[in-house]
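Here's the structure, in structure tokens; my notes come after.
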Amino acid sequence: MQTVETLNEGLKRAYTVTITSKDIDARVDKEVKAIAPQVRMPGFRPGKVPANLVKKMHGESLQRDALNNSIQDSIQKLIADQKLRPAMQPSVELDENFEFGKDAQVKVELEVLPEIAAPSIEGLKLERLTVDVADDKVAEAAARIASQQGALEEHADDHAAAEGDTLVIDFVGKVDGEAFEGGSAEDIRLKLGSGQFIPGFEEQLTGVKKGEEKTIDVTFPEDYGAEHLAGKAATFDVTVKSVLNGDKPKVDEEFAKSLGLESLDKLNELLKGQIEQEHNGLTRTHMKRKLLDQLAANHDFDVPPSMVEAEFNQIWQQLQHEASHEEDTEAALKEMEAEKDDYRAIAVRRVRLGLLLSEIGQANGVTVSDQEMNRLIMQAAQQYGPQDRERFVQYVRQDPMAAAQLRAPLYEDKVVDFLFEKADITDRAVTREELEAAIEAEDGDIKPHVHGPDCGHDHDHDEKPKAKKAAPKKKAAEPAKADEDAAPAAEEAPAKKPAAKKAAAKKDEAVEADAAAQEKPKKKAAPKKAAAKAE
């Protein structure tokens with residue numbers, strides 16, 4: 001094998017690798033000897049078929065396998081000899097004029113991970129916003145459970161609906177006398193006083209009775225999510241089909257026991273624990289974002305464009321999906337385009353911080369144990385049916401990229417916890433509203449999410465980009481709040497060698513070269529395929 005470097009610019013590398021025909025032929029001969037004992041041919045005893053006949057029968061397939069394996073091994077050797085750390089899968093292209101019996105020239109292009117100076121983790125200072133759980137919050141939680149336990153019963157036909165009653169209604173919304181899209185519904189439950197619909201809607205239904213038909217006049221808020229309805233006067237033709245009443249159980253010892261608990265104190269204890277867990281999650285989210293901000297401010301280095309492009313594409317696809325569910329999809333897409341540079345900046349930051357977290361973890365011995373990994377696999381397998389669980393487990397154990405995708409969020413959490421231990425942390429008591437406001441204020445900025453080598457996505461960690469979008473309409477005029485958060489991920493460098501894939505015995509079979517070290521498991525770039533042309 002001969003290697004010539006043809007490009008060394010920034011993080012981009014390119015090489016021409018020459019594989020001799022002698023090496024390919026030697027691999028073919030070795031494979032012939034290996035399979036000859038199993039070949040059966042009329043006129044020959046089992047295992048006694050001459051090698052030249054075996055080669056004649058299976059030569060084309062054997063040549064392809066030999067070529068593929070030679071290319072895979074050559075790329076592994078190239079990466080090892082040059083001490084490369086691929087950012088994504090290398091692009092591998094076989095010379096289009098290649099013919100079996102001649103030397104093979106392979107063009108290999110890749111981007112490498114940047115050399116990151118020892119990350120500075122000293123002097124980190126963080127503020128931990130803490131929220132105490134007040135007794136009245138526990139009581140509110142218990143009351144909510146009680147309200148959900150209440151059975152709805154139909155009032156008498158002559159009962160006039162009052163606040164707290166639930167109506168079952170059909171309605172048709174109209175603007176300028178014309179029904180508008182999304183403004184009609186049937187069998188909708190509306191609890192009077194809940195503020196579920198736009199202002200003025202529920203109030204005008206107070207006093208209605210079963211079977212009554214009523215037209216109500218409302219005006220959509222000026223800031224309503226659907227621009228074509230914002231500020232518009234509208235009417236809703238409402239038919240009241242039922243008036244229901246739900247008696248709320250009293251929150252007492254008997255109620256707690258009806259839930260299977262020992263006492264009311266036990267119920268309050270459980271609810272307090274749940275609320276504390278929610279608060280702790282919010283506190284961690286806020287503190288982690290501040291940590292990432294400090295890391296980003298203290299470290300700057302070039303990142304592989306291919307990783308940035310892959311990250312950006314994932315962000316863009318996510319936003320396009322969200323936009324497709326907007327009432328005015330065209331307006332949402334237009335706004336996205338106007339902010340495209342901002343989202344690309346998000347991708348750059350995510351990649352840089354992901355690599356940085358990965359580097360910090362590896363430099364400080366942060367690992368995910370086999371026991372932890374087995375637990376992750378078993379937890380993930382639960383989303384599949386009994387017949388598919390074992391197949392999923394086998395798949396993850398055999399595919400390093402699938403395993404890395406599962407491992408990534410836990411690894412990142414462990415790196416973050418390590419940094420928290422190193423940081424100087426001060427506590428400040430705040431209300432839940434203040435903590436949520438602090439997180440929301442950060443969401444207002446364009447803050448990127450993080451990913452590192454072999455990272456997966458869609459795990460509940462850091463912030464994710466927010467598209468400024470029109471809220472989708474619920475029922476008659478209910479503003480919807482987008483549930484958005486983030487997903488950073490750093491990961492250990494996977495200890496795997498690129499897998500050599502056997503080529504099928506047919507013309508123009510593709511030779512795929514895997515990355516030797518680091519590669520995203522979920523959104524990985526497909527390598528250019530090196531076609532082995534049989535002549």
Side-chain angles (χ1 to χ4, degrees), residues 140 143-249 321-333 335 467-484:
E140 288 177 10
R144 283 195 299 271
I145 295 176
S147 68
Q148 295 166 2
Q149 297 294 316
L152 293 177
E153 297 180 354
E154 190 166 359
H155 278 296
D157 291 354
D158 61 351
H159 174 79
E163 184 172 333
D165 287 339
T166 296
L167 306 181
V168 180
I169 59 175
D170 297 344
F171 58 78
V172 177
K174 299 177 182 179
V175 173
D176 296 330
E178 297 291 334
F180 59 87
E181 183 179 358
S184 302
E186 297 180 352
D187 295 324
I188 294 300
R189 291 197 173 199
L190 170 61
K191 184 175 182 178
L192 296 183
S194 65
Q196 192 174 347
F197 285 6
I198 59 176
F201 191 100
E202 297 174 23
E203 291 82 348
Q204 296 181 58
L205 292 176
T206 300
V208 297
K209 300 177 181 178
K210 179 180 178 180
E212 184 175 342
E213 295 181 356
K214 185 172 184 177
T215 297
I216 61 178
D217 299 306
V218 293
T219 300
F220 284 97
E222 292 291 342
D223 60 351
Y224 188 64
E227 293 182 4
H228 66 291
L229 295 176
K232 293 287 185 67
T235 62
F236 283 87
D237 298 331
V238 181
T239 300
V240 181
K241 303 176 81 169
S242 298
V243 180
L244 308 176
N245 175 51
D247 293 327
K248 298 178 183 178
H321 174 75
E322 293 175 359
S324 69
H325 290 79
E326 296 300 325
E327 181 141 355
D328 191 343
T329 299
E330 186 176 348
L333 290 173
E335 189 158 12
K468 298 176 182 177
K469 55 184 185 176
K473 187 170 54 180
K474 287 186 180 178
K475 300 177 184 175
E478 182 184 359
K481 294 182 180 179
D483 180 16
E484 301 185 6

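Formation of a donor-acceptor pair under 3.5 Å by the E202 side chain with backbone atoms of F197 is found in this model. Side-chain atoms of D170 come within 3.5 Å of backbone atoms of D187 as a donor-acceptor pair (strictly under, hydrogens ignored). Although no hydrogens or angles enter the test, the distance criterion places no donor-acceptor pair under 3.5 Å between the side chain of T166 and the main chain of L190. Side-chain N or O atoms of E178 include none that pairs as donor or acceptor with a backbone N or O of V175 at under 3.5 Å. Between the side chain of S194 and the backbone N or O of Q196, at least one donor-acceptor pair lies under 3.5 Å.
Listed by chain and number, the residues in a side-chain contact (heavy atoms from CB on, under 4.5 Å) with D176 amount to none (sequence neighbours excluded). Here D223 pairs with nothing under the side chain to side chain donor-acceptor pair (under 3.5 Å) rule; sequence neighbours left out. Looking at residues two or more places apart in sequence or on another chain, you find no side chain to side chain donor-acceptor pair (under 3.5 Å) involving Q204.
The CG atom of L192 sits 6.5 Å away from atom CG of L205, with the distance rounded to the nearest 0.5 Å. Taken from CG in L229 to CD in E181, the straight-line distance is 10.0 Å, to the nearest 0.5 Å.
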* To do: Would you sort out whether K174 and D237 count as a salt bridge (charged side-chain N to carboxylate O under 4.0 Å, His left out), showing the intermediate values?
  => CA-CA 8 Å; K174 299 177 182 179; D237 298 331; 3.2 Å; yes
* Check the pair E186 / K241 against salt bridge (charged side-chain N to carboxylate O under 4.0 Å, His left out), numbers first and verdict last. => CA-CA 10 Å; E186 297 180 352; K241 303 176 81 169; 5.7 Å; no
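More than 12 heavy atoms of other residues, nucleotides or ligands lie within 6.0 Å of CD in E140, so this atom counts as buried by the packing criterion.
Ring planes of H159 and H155: parallel class, angle under 30° (limits at 30 and 60°).
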